[in-house]
*Asks:* 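Sharing a structure here in structure tokens format.
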Amino acid sequence: MHELSLATEVIELAQREAGKRGLTVIEEILIEVGDLSGVEADAFESALGLIVKGSILEGAEIKILRTPGKAKCSGCNSEFDMSQRMATCPGCGSFPSEFSGGEEFRVVSLLAG
Amino acid sequence: MVKWRNGEIPLNIDILSENNRLAERNRGYFEGRQVVCLNLVSSPGSGKTTILEKTIASMIARRKIFVIEGDQQTARDAERIEKSGAPAIQINTGSGCHLDANMIQLALKKMEVTAGSVLFIENVGNLVCPAMFDLGEEKRVVVISVTEGDDKPLKYPYMFQSSHLCIINKTDLLPYVDFNVETVMANARQINPTLEFLLMSAKTGEGMKQWVEWVEGLKD
């Protein structure tokens with residue numbers, strides 16, 4: 001359940017960034033969770049919802065942006081969609097050589113209240 | 001072009017950036033003191049603590065060794081390690097399922113790791129969560145025992161992808177279990193083509209010499 005400690009990281013990050021800008025209320029936070037990031041987006045969202053009370057994010061709307069995984073095939077070089085880490089190229093069945101999307105796990109923006 | 005609303009503050013900050021920053025600080029600390037730091041990860045019960053006890057016994061005459069032990073509860077592992085002759089510090093993560101870079105930094109303030117030594121970090125037994133948290137180690141070592149399934153790399157790809165060496169432990173039990181060494185290696189290589197392997201039985205001592213050579217061969 002590392003989603004809980006990741007949620008704590010988000011609160012600390014939001015508190016730091018709000019502090020730098022003198023914000024006391026955050027209306028909305030947008031968080032990007034890639035399909036290949038190793039973070040279970042639903043578990044993360046629930047964890048964050050559970051611990052926001054008393055923090056700068058209490059009352060803020062939490063928006064999660066899911067980014068699909070994309071990979072380059074090590075066999076035929078084509079790009080394909082990848083929803084999980086162990087997927088293989090639908091064309092030739094090879095494993096990917098690199099990921100070109102879906103590894104993101106970041107706070108995209110805050111909306112000041 | 002993204003159009004930002006009034007009051008919207010674009011950040012694009014990686015959520016693990018604070019952990020990564022602290023991990024880089026730890027890495028700098030280790031480099032400055034020529035300390036080789038290894039992060040040992042595995043499922044619970046793969047034999048990490050026994051491997052460390054035997055490793056300490058074979059290396060301690062030549063090299064100073066320190067150990068950071070991570071567990072949810074108890075100081076049992078640190079006590080076992082200290083009995084084998086290396087200073088150890090226990091971190092209890094409580095409800096937490098992994099060590100993070102900040103915990104290592106705090107442990108380093110309590111335990112003076114001398115220059116030129118080897119620091120082993122035994123992470124919490126868990127193949128999922130520790131994968132995401134860089135501690136500042138030089139190499140990550142994943143331990144799998146032959147009583148586990150040989151499809152484990154496919155089930156927990158992140159850990160095998162982020163590791164440098166895979167120790168296959170408890171090889172003395174191979175005649176009694178349906179564990180195929182070639183299969184586990186092939187599965188792990190699909191995820192991480194550069195992963196190295198080492199067959200070991202911490203109990204009988206098989207592979208211990210190669211392991212100690214691997215550790216001692218690392219540039220600090």
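Numbers restart at 1 for each chain; the letters A, B, ... are given by sequence-line order, proteins then strands. As the structure is a prediction and not an experimental result, all values here were calculated from the model.
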*Asks:* Below 4.5 Å, heavy atoms only, C-beta onward: do A:S5 and B:F133 meet side chain to side chain?
*Replies:*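 The answer is yes, as the side chains (C-beta and beyond) meet within the 4.5 Å cut-off.
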*Asks:* Tell me whether B:R80 at atom CZ has more than 12 heavy atoms from other residues, nucleotides or ligands lying less than 6.0 Å away.
*Replies:*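 More than 12 heavy atoms, drawn from other residues, nucleotides or ligands, come within 6.0 Å of this atom.
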*Asks:* What part of A:Q84 gets within 4.5 angstrom of chain B, counting heavy atoms only: side chain, backbone, both, or neither?
*Replies:*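 When you check distances to chain B, no heavy atom of A:Q84 falls under 4.5 Å.
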*Asks:* Looking only at non-hydrogen atoms, find the nearest pair between B:P10 and A:S109 and report the distance.
*Replies:*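 Smallest interatomic distance, heavy atoms only, reads CA-CB, 4.1 Å.
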*Asks:* For the CG atom of A:L4 and the SG atom of B:C97, what is their distance to the nearest 0.5 Å?
*Replies:*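 These two atoms lie 8.0 Å from each other.
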*Asks:* Quick one: does B:I13's side chain get under 4.5 Å of A:V108's, heavy atoms only?
*Replies:*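 B:I13 vs A:V108: side chains apart.
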*Asks:* Just wondering, do B:E18 and A:E9 contact through their side chains at under 4.5 Å, heavy atoms?
*Replies:*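 A:E9 vs B:E18: side chains touch.
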*Asks:* Using a 6.0 Å cut-off, check whether atom CZ of B:R76 has over 12 heavy atoms from anything other than its own residue.
*Replies:*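 Check fails, neighbour count at 12 or below.
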*Asks:* Is it the side chain or the backbone of A:S74 that comes within 4.5 Å of chain B heavy atoms, both, or neither?
*Replies:*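 It is neither, since no heavy atom gets under 4.5 Å.
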*Asks:* Under 4.5 Å heavy-atom distance to chain B, tell me which part of A:F95 shows up: side chain, backbone, both or neither.
*Replies:*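 For A:F95, the contact with chain B is made by the side chain alone.
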*Asks:* Roughly how far, to the nearest 0.5 Å, is CG of A:L111 from CD1 of B:I9?
*Replies:*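 B:I9 atom CD1 to A:L111 atom CG measures 8.0 Å (nearest 0.5 Å).
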*Asks:* Quick one: CG on A:L30 to CD on B:E8, what's the gap to the nearest 0.5 Å?
*Replies:*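 The CG atom of A:L30 sits 7.5 Å away from the CD atom of B:E8.
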*Asks:* Does some side-chain heavy atom of B:L16 sit less than 4.5 Å from a side-chain heavy atom of A:R106?
*Replies:*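 They are not in side-chain contact.
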*Asks:* Could you give the distance from NE2 (A:H2) to CE (B:M132), rounded to the nearest 0.5 Å?
*Replies:*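 Rounded to the nearest 0.5 Å, the NE2-CE separation comes out at 5.0 Å.
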*Asks:* B:Y158 and A:G38: which non-hydrogen atoms are nearest, and at how many Å?
*Replies:*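 Scanning both residues completely, I find the closest heavy atoms to be OH-N, 3.3 Å.
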*Asks:* May I ask you to check whether over 12 heavy atoms, not counting those of B:N12, lie within 6.0 Å of atom CG?
*Replies:*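 Yes, the 6.0 Å shell around CG holds more than 12 heavy atoms from other groups.
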*Asks:* Check whether A:I26 gets within reach of chain B through its side chain, its backbone, both or neither, counting any heavy atom under 4.5 Å.
*Replies:*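 Nothing of A:I26, per the 4.5 Å heavy-atom cut-off to chain B.
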*Asks:* Nearest heavy-atom pair of B:L11 and A:L110: which atoms, and what distance?
*Replies:*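 In terms of heavy atoms, the two residues are closest at CD1-CG, 3.6 Å.
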*Asks:* Could you measure the distance from the CD atom of B:Q161 to the CZ atom of A:F99? Nearest 0.5 Å is fine.
*Replies:*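 B:Q161 atom CD to A:F99 atom CZ measures 5.0 Å (nearest 0.5 Å).
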*Asks:* Looking at CG of B:D14 and CD of A:E103, how far apart are the two atoms once the value is rounded to the nearest 0.5 Å?
*Replies:*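 B:D14 atom CG to A:E103 atom CD measures 10.5 Å (nearest 0.5 Å).
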*Asks:* For a quick test of reading the model, state the closest non-hydrogen atom pair linking A:L6 to B:I15 and the distance between them.
*Replies:*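 So the minimum-distance heavy-atom pair works out to O-CG2, 4.0 Å.
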